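If you're wondering where the values come from, they're calculated on a predicted model, not measured in any experiment. Both backbone and side-chain heavy atoms feed into the values below; hydrogens, waters and symmetry mates do not. Residue indices begin at 1 and follow the sequence shown.
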Amino acid sequence: MKIAKKLCSALAALALMTPLFPEIPDDADFWSDYPNAELADFLVSKMDDGELLSQILMFGWAGEEPSDLLNRWISERGLGSVKVFGWNTDDTDKVAESISEVQERSQKRKLKIPLFVATDQEGGWIRHVKGDTTETPGNMAIGASALPMDSYYSAYYISREINALGINMNFAPTVDLYTNINSSVIGSRSFGENPDFVGKLGSEFVRGSLDAGVIPTAKHFPGHGDTSLDSHGKLPEISADYETLKKRELIPFKYLIDKKIPAIMSGHLSFPNIIGNGEPASLSHKFLTEILRGDLKYDGLIITDDMMMNGATMYAGSVSAAFTAAIRAGNDIILSSTTAELNENLWTRNIALMKSDGEFRGSVKDAARRVLRAKLEYFKSPNAAPLHPDLKTVHERVPDKDGQKFFLSQACRSITAYKTGNFPYKRKEGERVLLAGQTQFDSFFTEARKRYGQDCSQFKFDYELGPIQTDWMGNQIEKLALGYDTIIFCVANERSSEIAMRLKKLHGKKVIILSILTPVPVLGFDWADTILCGYSWSKYSFKALFGALNGEFTPSGILPLPQ
């Protein structure tokens with residue numbers, strides 16, 4: 001017995017002396033030339049608890065430049081990822097410069113692990129990186145053209161632009177079905193309501209993104225389309241059972257998983273008929289581990305939607321508890337739009353849990369390993385976005401010149417003639433024309449006057465209006481329109497729809513409706529002479545809308561709504 005004990009002790013001591021990775025030297029780092037799987041394991045073995053937890057966090061920053069706090073997270077703790085939000089992107093050069101600076105900080109750490117730099121550049125009205133980037137027609141316009149190539153090239157050119165700035169991950173495509181047409185959250189962000197159709201277009205979007213060197217992220221799993229609520233403010237409840245989800249919302253995700261989508265975003269969405277306790281899918285082990293990993297066989301990254309949304313934190317009770325639940329559920333990257341203080345509860349609570357709860361520490365470690373594997377595969381590929389974008393050539397690549405040509409042609413293919421009376425419309429001599437639209441949309445007025453004369457009158461109102469302002473504007477246009485023969489009206493939302501409806505009372509007037517974003521607000525406008533749908537406020541969509549109205553081409557888009 002004594003001999004056996006001595007032998008066990010000797011073997012244990014020998015094991016401690018034997019390197020875990022005998023072929024990888026102790027001073028190796030992220031860029032060392034070893035197989036990705038082995039190198040990921042090696043890097044994980046060299047990381048302490050703080051580095052492991054930091055690797056699965058993604059923080060955003062407010063202001064033009066990364067804050068001192070964010071820089072400390074990167075330099076001192078090895079933060080794994082950052083997100084570029086829409087409130088700090090008007091200066092394209094500054095965006096590229098800031099990304100280069102944070103990546104430089106990551107490379108000064110011992111293991112030299114680069115950052116995932118993400119943004120929301122879906123196309124259409126979700127465009128977080130502004131400045132010189134292209135404002136595109138968006139997903140519903142792609143659904144209206146019904147051409148897979150439009151989805152591929154939309155993603156390709158969007159990704160080429162953000163790649164030039166050093167952004168390597170995009171939270172797109174949105175493959176939520178337009179199941180609830182009253183949804184103001186998804187609306188024109190959706191390709192449409194048919195699951196297979198959305199799956200095919202989403203797959204092409206993924207292919208275009210990857211070909212341009214940007215990691216696509218499908219969202220919002222398991223599907224945000226069947227609710228009119230926004231999880232930024234409240235946790236939406238979706239009544240569908242699991243069998244319904246399998247036949248509907250999960251189909252696009254299955255398409256993308258079969259195409260090896262590298263990342264999926266979990267949504268703050270409650271499904272009481274699947275999980276009775278009301279927990280959101282983003283914090284649910286059943287949804288993320290049992291269904292997404294198990295049933296759907298997904299092995300890529302799972303990233304939470306913003307944990308600062310009330311939909312997540314209200315259920316969990318606190319931000320720190322939500323972070324813990326997100327890790328336990330199976331997320332690999334936990335996203336926060338704000339940068340946490342260095343010793344907030346979301347840090348101290350989870351570090352303490354890693355020391356006291358072996359299973360929890362294992363979850364963090366597994367997530368960090370998966371993040372590192374994804375980074376090794378991406379950053380060592382030939383078309384990865386640069387860590388340090390070339391500031392001298394940014395304006396040669398952004399906006400993308402080829403992309404601009406494509407987006408105009410794509411917008412033209414998307415235009416849908418929902419109702420045609422006197423169409424195409426040609427202004428007659430002496431005809432008095434009134435243009436009515438949102439102050440923010442200069443292209444609406446510019447494109448109209450190019451075709452119908454600089455003497456067209458203008459009636460402008462704000463995009464965001466309260467009920468009293470809406471009623472006042474309705475009264476104004478009802479009186480003003482009496483002095484005109486033709487009114488061309490831009491409808492972008494419910495408020496502008498209410499104002500346009502005041503024209504229904506008038507007789508002997510020609511009313512032309514140009515619908516942008518979702519066309520739902522104009523579906524009951526049978527009284528209008530002509531209704532064209534353009535699906536976005538991009539300048540290309542306005543060019544295409546007025547080109548179609550003027551007879552420069554025949555619109556061929558379909559209405560991508562439940563029929």
Side-chain angles (χ1 to χ4, degrees), residues 137 140-141 143-145 188 411-438 441 443-453 455-461 474 477-478 480-561 563:
M140 187 161 279
S145 75
S188 61
C412 291
R413 287 188 290 276
S414 75
I415 302 304
T416 305
Y418 182 67
K419 184 174 188 284
T420 52
N422 179 24
F423 181 82
Y425 167 63
K426 301 289 184 180
R427 183 182 183 183
K428 297 176 183 175
E429 186 176 350
E431 188 176 356
R432 296 162 298 172
V433 177
L434 175 64
L435 309 173
Q438 293 76 4
F441 303 149
S443 293
F444 169 78
F445 298 98
T446 301
E447 295 299 328
R449 286 181 149 189
K450 280 181 185 176
R451 291 163 176 83
Y452 300 118
D455 62 332
C456 292
S457 298
Q458 298 179 145
F459 177 80
K460 295 184 177 183
F461 51 91
I477 197 168
E478 192 175 342
L480 184 62
L482 293 172
Y484 293 88
D485 304 302
T486 298
I487 301 96
I488 304 176
F489 199 109
C490 176
V491 173
N493 55 16
E494 290 293 341
R495 294 300 190 198
S496 54
S497 170
E498 290 176 36
I499 298 170
M501 278 294 290
R502 302 292 281 270
L503 301 175
K504 181 180 179 180
K505 303 176 183 179
L506 304 180
H507 298 285
K509 308 294 181 183
K510 186 184 302 169
V511 178
I512 297 168
I513 301 293
L514 301 186
S515 167
I516 61 175
L517 301 182
T518 173
V520 171
V522 304
L523 295 183
F525 280 35
D526 294 338
W527 49 270
D529 180 81
T530 295
I531 303 173
L532 299 181
C533 301
Y535 311 106
S536 93
W537 57 49
S538 161
K539 67 179 181 180
Y540 303 111
S541 295
F542 282 121
K543 283 177 183 287
L545 280 165
F546 279 103
L549 182 62
N550 196 42
E552 295 160 27
F553 67 92
T554 301
S556 58
I558 61 170
L559 197 69
L561 297 176
Q563 299 296 311

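Taking Thr486 as the reference, Glu431 meet the side-chain hydrogen bond (donor to acceptor under 3.5 Å, both in side chains) condition, with sequence neighbours excluded.
The shortest distance between side-chain heavy atoms of Lys450 and Thr446 falls below 4.5 Å. Contact annotation: the side chain of Cys412 never approaches that of Tyr540 to less than 4.5 Å [non-hydrogen atoms, C-beta and beyond]. Lys543 has its side chain out of reach of Glu552: every pair of non-hydrogen atoms, C-beta onward, lies at least 4.5 Å apart. For the pair Cys490 and Phe542, the minimum side-chain heavy-atom distance is below 4.5 Å. Annotation: side chain of Tyr425 is not in contact with side chain of Asp529 (no heavy-atom distance under 4.5 Å). A 4.5 Å side-chain heavy-atom check between Leu549 and Phe423 finds at least one atom pair inside the cut-off. Between Gln438 and Trp537 the shortest side-chain heavy-atom distance does not fall below 4.5 Å. Between Asn550 and Pro424 there is no side-chain heavy-atom pair separated by less than 4.5 Å.
Closest approach of Ala141 and Ser414 over heavy atoms only: O-CB, 3.2 Å. A pairwise comparison of heavy atoms in Ser536 and Pro137 identifies CB-O, 3.1 Å as the closest pair. Minimum interatomic distance between Leu434 and Ala481 (heavy atoms only, all atoms of both residues): CD2-CA, 4.4 Å. A pairwise comparison of heavy atoms in Ala417 and Leu532 identifies CA-CD2, 3.7 Å as the closest pair. Pairing each heavy atom of Arg427 with each of Cys456, the nearest pair is NH1-SG, 3.8 Å. In this structure, Ile415 and Phe553 approach most closely via the heavy-atom pair CG1-CZ, 4.2 Å.
Each ring pair (Phe, Tyr, Trp, His ring centres under 6.0 Å) pair with one or both residues in residues 490-533, not counting sequence neighbours, appears once here: Phe525-Trp527.
Between the side chain of Arg502 and the backbone N or O of Ile477 there is no donor-acceptor pair closer than 3.5 Å. Judged by distance alone, the side chain of Tyr535 and the main-chain N or O of Ser188 form no donor-acceptor pair under 3.5 Å. A distance-only check finds no donor-acceptor pair linking the side chain of Ser497 to the backbone of Val522 [under 3.5 Å].
One finds the CZ atom of Arg432 at 10.0 Å from the CD1 atom of Ile487 (value rounded to the nearest 0.5 Å). Between the CD atom in Glu478 and the CE atom in Met501 there is a gap of 11.5 Å [rounded to 0.5 Å]. To the nearest 0.5 Å, atoms CG (Leu559) and CE (Met140) are separated by 8.0 Å. From Asp526, atom CG reaches atom NZ of Lys504 across 8.0 Å, with rounding to the nearest 0.5 Å.
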Give the table of side-chain donor-acceptor pairs shorter than 3.5 Å for residues 508-518, with sequence neighbours excluded, one pair per line with atom names and distance.
unit_1	atom_1	unit_2	atom_2	d
Lys509	NZ	Leu482	O	2.9
Lys509	NZ	Tyr484	O	2.8
Thr518	OG1	Tyr178	OH	2.8
Thr518	OG1	Val520	N	3.3

Evaluation steps, ring-ring contact (aromatic ring centres under 6.0 Å, His included), between Phe444 and Phe461: CA-CA 13 Å; Phe444 169 78; Phe461 51 91; 9.3 Å; no
